[in-house]
2 protein chains.
Amino acid sequence: MTRQAPRPLTLRDVSEASGVSEMTVSRVLRNRGDVSKATREKVLLAAKQLGYVPNKIAGALASQRVNLVGVVIPSLSNMVFPEVLSGINQVLEDTGLQPVVGVTDYLPEKEEKVIYEMLSWRPSGLIVAGIEHSDASRAMLVAAGIPIVEIMDIDGTPVDCAVGISHRRAGRMMAQEILKAGYRRIGFMGTKMPLDHRARKRFEGLTEALAKGGIEIADQEFYSGGSALAKGREMTDAMLQRSPDLDFLYYSNDMIGAGGLLYLLDRGVKVPEQIGLAAFNGVELLQGLPQKLATMDSCRLEVGRTAAEIVAARVADPAAMVQRVVELTPKISFGETLRRS
Amino acid sequence: MTRQAPRPLTLRDVSEASGVSEMTVSRVLRNRGDVSKATREKVLLAAKQLGYVPNKIAGALASQRVNLVGVVIPSLSNMVFPEVLSGINQVLEDTGLQPVVGVTDYLPEKEEKVIYEMLSWRPSGLIVAGIEHSDASRAMLVAAGIPIVEIMDIDGTPVDCAVGISHRRAGRMMAQEILKAGYRRIGFMGTKMPLDHRARKRFEGLTEALAKGGIEIADQEFYSGGSALAKGREMTDAMLQRSPDLDFLYYSNDMIGAGGLLYLLDRGVKVPEQIGLAAFNGVELLQGLPQKLATMDSCRLEVGRTAAEIVAARVADPAAMVQRVVELTPKISFGETLRRS
DNA sequence: TTGAAAGCGCTAACAC
DNA sequence: GTGTTAGCGCTTTCAA
């Protein structure tokens with residue numbers, strides 16, 4: 001039942017097997033410096049035959065260089081974060097840098113822990129979702145002395161760099177479209193927001209811009225946990241029971257929006273004539289719904305790509321000039337659930 | 001624009017600041033050995049004031065222990081893998097072990113690269129999705145001398161341990177239900193399968209068991225890329241145009257199944273009377289659909305948890321007796337799209 | 001083009 | 001309870 005744990009191979013083993021000094025073996029394996037073709041081949045052969053896998057721990061300690069980039073995100077179950085990861089991956093793949101993911105579950109204490117753990121591996125850079133952090137987290141980030149990119153939100157003061165959209169502005173933009181379309185009795189549904197700062201900012205932007213048009217949110221409902229699609233149905237049902245006169249429903253994410261849409265269609269409600277709908281994120285899923293939901297693109301892939309590019313540039317040249325705050329512009333997609341004026 | 005990169009703090013800095021030897025500082029910071037309360041507090045204070053973050057690279061090299069567990073999965077955009085990760089996380093959280101994720105995009109060459117990179121960090125264990133690997137990958141896994149758990153598929157010979165369901169059996173189980181319900185003209189839709197061994201095995205199990213009932217797949221269609229929900233619609237449309245006499249559609253995953261269901265409901269097709277439907281995975285999303293789709297649970301959370309438990313047990317005690325192959329049983333959920341006999 | 005020596009920051013093992 | 005010594009497996013630096 002026990003698997004024998006053989007002593008892992010070292011450079012020395014390859015050195016002895018090939019009759020070449022450890023130093024030269026190291027050079028061959030890293031493609032550094034000039035090594036004669038003959039030596040190179042001897043070394044490569046020996047390494048392959050032995051099945052040698054270099055020890056990056058020792059390498060990193062000796063060279064003081066680590067090809068790791070920490071990525072700290074709140075969740076993996078919300079599809080938006082894997083998408084950001086994809087963008088990061090795409091860019092890092094060509095740079096020799098490797099992302100290492102940490103998940104915080106939206107908890108500041110856990111974020112502290114994750115950041116601490118990551119920094120203890122001395123990564124070359126760190127990408128962190130959100131621009132709000134505990135004092136302790138900020139202090140660690142500042143002291144780390146590596147490129148830090150805060151992503152997905154630019155409403156605040158970044159530790160170092162920030163890439164993302166303004167969620168307040170996104171909320172305002174949607175509010176303006178809602179007003180322009182002539183909707184007046186507006187209901188809001190979303191996650192409980194104490195810790196989801198981006199959802200909160202969208203809500204604030206929305207209410208602020210609606211207020212300028214002389215309108216207040218007529219009803220609101222929050223959820224946490226469970227199947228978002230099902231929650232969208234439930235909340236929509238509950239809200240329309242309570243406030244049957246609503247003519248517009250804004251959902252803080254696409255999944256609950258999709259649930260709401262399916263619910264209304266089931267009921268034979270005419271969308272967008274009787275009730276208009278809009279959501280947020282622009283997830284791919286929406287493409288398959290019976291009716292296209294109005295939403296806003298949160299630029300997830302581009303956020304990831306840009307953040308990774310900044311890190312890569314700064315790793316390559318610590319003095320590189322990079323734009324400190326990159327604001328991306330969410331595009332509204334009107335779909336078929338928002339009356340056009 | 002440049003951020004000064006201060007020399008990172010070392011144990012020595014804490015030692016000097018606190019007037020305690022490096023060794024004792026190390027002991028305090030790791031909660032090892034007996035240290036007087038007074039010393040401990042002096043050290044902790046100094047460490048906190050300086051903002052010291054231990055260097056795990058040096059620690060790992062010195063102690064020959066790394067609290068990392070590699071997790072190799074094909075994709076992050078397919079929700080099933082984040083769910084497995086959740087299970088792994090839940091268990092590892094209490095053990096001091098940390099998952100490190102690598103993504104292969106279903107490509108064997110990339111899997112090799114990812115495994116190689118991971119092993120070069122000398123993790124304490126490795127969890128790999130799938131039981132099919134290139135010879136090179138297998139060789140590395142065998143030679144690593146650490147606990148290896150292959151997950152999500154047990155139809156094959158594991159390198160070390162395996163946890164998951166039998167996809168062949170899952171395919172057979174569903175076929176038996178389809179036959180029992182009296183469906184006869186069956187269409188299959190799924191991803192292109194050359195590299196998705198689990199989907200292929202489900203397909204094989206399905207056809208095999210149908211054959212025993214004297215039935216052959218009447219039509220089939222494969223896709224890759226794009227929004228799965230939308231693809232489900234498109235494929236269903238295409239297939240029913242081509243083979244209007246089908247009375248059952250089997251989808252190799254829930255997303256395309258959901259797309260197909262929405263399509264049929266749009267068209268006013270009576271499900272499951274006119275056409276029966278079934279899919280695979282048991283994702284949460286299905287809860288919000290207008291009609292509950294028949295599916296099978298792939299036990300993702302439990303797979304993750306069990307794999308992590310095995311790794312944790314073997315890390316704690318390399319001689320620990322663990323079950324080599326853990327077969328979980330997928331539960332059929334009949335939903336409302338499969339006629340009951 | 002190759003090799004030898006020194007040391008990265010920490011911990012195991014042993015002394016006191 | 002605390003300190004000292006000797007590496008961990010590599011890479012840097014310098015010499016040949």
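Rounded to a whole Å, the OH atom of Y52(B) is 10 Å from the P atom of dG9(C). One can place CG of L61(B) at 12 Å from P of dC10(C), the figure rounded to the nearest angstrom.
Under the salt bridge (Lys or Arg N to Asp or Glu O under 4.0 Å) criterion, R138(B) pairs with no residue, sequence neighbours left out.
Checking H133(B) against E150(B) by side-chain atom types alone, a donor-acceptor pair falls below 3.5 Å.
Contact footprint of chain B on DNA chain D: nucleotides with an atom under 4.0 Å from a non-hydrogen protein atom, first to last in 5' to 3' order, dG1(D) to dG9(D).
End-to-end axis angle of the helix from dT1(C)-dA16(D) to dC16(C)-dG1(D), using five pairs per end and rounding to 10°, comes to 30°.
Salt bridge annotation for E117(A)-K113(A): absent, with no cationic side-chain nitrogen under 4.0 angstrom from a carboxylate oxygen. For the pair R198(B) and D155(B), the salt-bridge criterion is not met [side-chain N within less than 4.0 Å of a carboxylate O].
When T95(B), I127(B), V100(B), L126(B) are each tested for a side chain to side chain contact (heavy atoms under 4.5 Å, CB included) with V69(B), only one passes: I127(B).
Comparing K37(B) and Q64(B) along DNA chain D, the residue whose closest nucleotide (by nearest heavy atom) sits nearer the 5' end is K37(B).
When all heavy atoms of P8(B) and D13(B) are compared, the pair lying nearest together is O-OD2, 4.3 Å.
For D105(B) (side chain) and L107(B) (main-chain N/O), no donor-acceptor pair under 3.5 Å exists by modelled atom type.
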A correct 5'-to-3' footprint of nucleotides 11-16 of chain C, with B, S and - meaning base, sugar-phosphate only and no protein heavy atom under 4.0 Å, is BBB---
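A heavy atom closer than 4.0 Å to some atom of DNA chain D occurs in no member of residues 113-123 of chain A.
Every pair tested for salt bridge (charged side-chain N to carboxylate O under 4.0 Å, His left out) that includes a residue from residues 27-51 of chain B fails, sequence neighbours excluded, so the list is empty.
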